[in-house]
Participant: 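Let me give you the structure first, and then I'll get to my questions.
Computed from a predicted structure; not experimentally measured. Just so you know, ligand 1 is whichever comes first in the structure, and atom 1 is the first atom listed for that ligand.
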Amino acid sequence: MTHADFPAALLHRLRHARHIAVLTGAGISAESGIPTFRHAQTGLWSQYDPLELATPQAFQRNPRLVWDWYAWRRQLVAHAQPNAGHTALVAIQRHAPQFTLITQNVDGLHQQAGSTAVIELHGNIRRIKRADDGVIVTAWTETEGELVRCPQTGSLLRPDVVWFGEMLPPDALDAARVAAQTCDVFFSIGTSGLVEPAGSLPRLALHAGATLVVVNPEATFAPHNDVYLLQGAAGVLLPQLVAAVWGD
Ligand code: NAD
């Protein structure tokens with residue numbers, strides 16, 4: 001897609017938007033080398049279904065297996081760099097009078113790129129908490145094959161992420177819903193929309209009168225009057241869109 005391919009009405013809408021809200025999913029980090037859940041896992045982990053490891057039941061059944069899987073993902077994240085898609089959202093934040101960034105991602109790459117006040121709906125894989133009371137823990141020791149425990153209380157440790165079947169942090173979800181209902185443009189970027197309640201935010205925005213922009217290489221949204229479907233990779237399309245709207 002070149003500048004000329006973006007609909008003029010979309011460029012106008014973005015240039016004059018008072019509040020732009022953005023929801024991102026695993027797809028925006030794919031170009032940073034972090035696999036989405038629905039992509040085949042590699043090597044050691046190819047035999048496991050990630051959707052079944054990211055549950056409280058999996059942790060109850062085999063806490064060490066779940067710990068090891070997250071330790072592997074934490075390492076991927078630690079070595080990853082934000083990509084041009086993340087950077088383009090920092091530019092939009094700079095240009096928009098009001099901007100809200102909501103992410104389902106747990107990788108912290110938006111913050112690393114320079115985005116501020118990010119609403120993390122599903123937590124952050126870089127933080128570790130106690131399984132019983134949720135207190136964040138910053139130091140622990142690991143012995144291969146043994147359960148990883150809090151040095152103070154002996155409680156099992158786990159990543160500070162929201163697993164399938166768990167509640168989202170209520171403040172984050174409230175803030176995301178308010179943004180969806182009050183913005184004039186809502187972006188849905190790199191998400192399949194299959195995980196609720198985040199999956200409903202684009203429709204919430206649309207029903208409240210926002211223009212919806214969907215950025216995804218796959219067709220994840222049915223054509224609709226107030227929806228712009230930008231089919232392609234976020235790291236390619238978003239910088240082009242920013243250049244077309246604001247000239248940088
Ligand atoms: P998903 O795996 O269900 O969907 C990813 C979407 O991204 C797909 O629709 C795919 O077509 C699209 N996509 C792939 N490459 C893209 C690109 N370059 N640009 C734009 N879009 C691209 O992801 P989801 O909807 O976020 O839901 C999965 C859940 O898994 C979330 O709750 C999330 O917390 C978690 N998750 C997070 C990470 C991460 O933090 N990076 C990684 C994997 C899974």
Participant: Is it the case that Q104 and T191 place a side-chain donor and acceptor less than 3.5 Å from each other?
Facilitator: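 A donor-acceptor contact under 3.5 Å links the two side chains.
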Participant: Quick one: look up the protein heavy atom nearest atom 1 (P) of ligand 1 and list residue, atom name and how far away it is.
Facilitator: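 Checked against all protein heavy atoms, atom 1 (P) of ligand 1 sits closest to R38 NH1, 3.4 Å.
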Participant: Please verify whether a non-hydrogen atom of P217 lies at under 4.0 Å from ligand 1.
Facilitator: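 Yes, P217 has heavy atoms under 4.0 Å from ligand 1.
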Participant: Might you point out which heavy atoms bring T220 and N216 nearest each other, and give the distance in Å?
Facilitator: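 Nearest heavy atoms, T220 then N216: CG2-ND2, 3.5 Å.
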Participant: Identify the heavy atoms of G114 and V90 that sit nearest to each other, and give their distance.
Facilitator: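 Where G114 meets V90 most closely, the heavy atoms are C-CG2, 3.9 Å.
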Participant: Tell me, which protein residue and heavy-atom name are nearest atom 41 (N) of ligand 1, and how many Å apart are they?
Facilitator: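 The closest heavy atom on the protein side is D107 OD2, 2.7 Å.
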Participant: Are any of the heavy atoms in P35 under 4.0 Å away from ligand 1?
Facilitator: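 Per 4.0 Å heavy-atom rule, P35 contacts ligand 1.
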Participant: Quick one: nearest non-hydrogen protein atom to atom 34 (O) of ligand 1, plus distance?
Facilitator: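 Protein heavy atom at minimum distance: Q104 O, 2.4 Å.
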Participant: For I128, does its backbone N or O pair with a side-chain atom of D160 as donor and acceptor, under 3.5 Å?
Facilitator: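 Pair absent, no side-chain N/O of D160 close to backbone of I128.
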Participant: What atoms in ligand 1 come closer than 4.0 Å to a heavy atom of V106?
Facilitator: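 In order of numbering, the contacting atoms are 39 (C), 40 (O).
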Participant: Is the cationic atom of R74 (NZ for Lys, CZ for Arg) positioned less than 6.0 Å from the six-membered ring centroid of W67 and within 45 degrees of its normal?
Facilitator: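 Judged by the rule, R74 and W67 form a cation-pi pair.
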Participant: Passes side chain to side chain donor-acceptor pair (under 3.5 Å), T116 versus Q93? Steps please.
Facilitator: CA-CA 9 Å; T116 53; Q93 175 159 28; 2.9 Å; yes
Participant: Nearest heavy atom to atom 25 (O) of ligand 1 wins, so pick from I125, T191, T103.
Facilitator: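 Answer by nearest heavy atom: T191.
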Participant: May I ask you to list the atoms of ligand 1 that are less than 4.0 angstrom from any heavy atom of I34?
Facilitator: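 Counting atoms of ligand 1 from 1, those under 4.0 Å from I34 are 41 (N).
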Participant: Looking at A88 and V242, what are the two nearest heavy atoms and their distance?
Facilitator: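 Between these two residues, the closest heavy atoms are O-CG2, 3.7 Å.
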Participant: Do the side chains of R126 and E120 get close enough for a salt bridge, i.e. N-O under 4.0 angstrom?
Facilitator: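 Answer for the salt bridge query: no.
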Participant: Could you check whether the rings of Y70 and W163 sit parallel, tilted or perpendicular, using 30° and 60° as the cut-offs?
Facilitator: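 Tilted: the ring planes of Y70 and W163 meet at 30° to 60°.
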Participant: When you measure from the side chain of D226 to the backbone N and O of T211, does any donor-acceptor pair fall under 3.5 Å?
Facilitator: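 A pair under 3.5 Å: no.
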Participant: Ignoring hydrogens and geometry beyond distance, is a side-chain donor-acceptor pair present between T100 and H19 at under 3.5 Å?
Facilitator: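 Side chains of T100 and H19: pair found under 3.5 Å.
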Participant: Quick one: look up the protein heavy atom nearest atom 35 (C) of ligand 1 and list residue, atom name and how far away it is.
Facilitator: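 Closest protein heavy atom to atom 35 (C) of ligand 1: F37 CE2, 3.9 Å.
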Participant: Looking only at protein heavy atoms, which one is nearest to atom 12 (C) of ligand 1, and what is the separation?
Facilitator: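 Sorting protein heavy atoms by distance from atom 12 (C) of ligand 1 puts N216 OD1, 3.4 Å first.
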Participant: With atom 5 (C) of ligand 1 as the reference point, say which of G25, A234, G190 has the nearest heavy atom.
Facilitator: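 Answer by nearest heavy atom: G190.
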Participant: Starting from atom 16 (C) of ligand 1, find the nearest protein heavy-atom neighbour and note its residue, name and distance.
Facilitator: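 Going atom by atom, the protein heavy atom closest to atom 16 (C) of ligand 1 ends up being G27 O, 3.4 Å.
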Participant: Show the nearest heavy-atom pair for residues A234 and I28, with the distance to one decimal.
Facilitator: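 Distance-wise, the nearest heavy atoms are CB-CG1, 4.1 Å.
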Participant: Mind checking whether A26 has an N or O less than 3.5 Å away from an N or O of ligand 1?
Facilitator: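 N/O-N/O distance below 3.5 Å exists for this pair.
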Participant: Considering the heavy atoms of S29, write down every atom of ligand 1 situated less than 4.0 Å from one of them.
Facilitator: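 That gives atoms 41 (N) of ligand 1.
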Participant: Considering only protein heavy atoms, which is closest to atom 32 (O) of ligand 1, and at what distance to one decimal place?
Facilitator: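 The answer is H122 ND1, 2.7 Å.
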Participant: Please report whether ligand 1 has a polar contact with V195, defined as an N or O pair separated by less than 3.5 Å (distance criterion only).
Facilitator: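 No, since none of the N or O atoms of V195 sits under 3.5 Å from an N or O of ligand 1.
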Participant: Which ligand 1 atoms, with their elements, are less than 4.0 angstrom from a heavy-atom of E218?
Facilitator: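 In order of numbering, the contacting atoms are 11 (O).
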Participant: I want to confirm something. Looking only at heavy atoms, which of E120, H110, E31, R73 is nearest to atom 18 (N) of ligand 1?
Facilitator: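 Residue with the shortest heavy-atom distance to the ligand atom: E31.
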Participant: At what distance is the nearest protein heavy atom to atom 4 (O) of ligand 1, and which residue and atom is it?
Facilitator: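 Its nearest protein heavy-atom neighbour is S192 N, 3.4 Å.
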Participant: Quick test of your reading of the model: are R64 and E142 salt-bridged, counting only N-O distances below 4.0 Å?
Facilitator: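 A salt bridge links R64 with E142.
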Participant: Measure the distances from the heavy atoms of I28 to every atom of ligand 1 and state whether one is below 4.0 angstrom.
Facilitator: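 Not so, I28 does not reach ligand 1.
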Participant: Has ligand 1 got any nitrogen or oxygen that is less than 3.5 angstrom from a nitrogen or oxygen of I189?
Facilitator: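 Min N/O separation from ligand 1 is not below 3.5 Å for I189.
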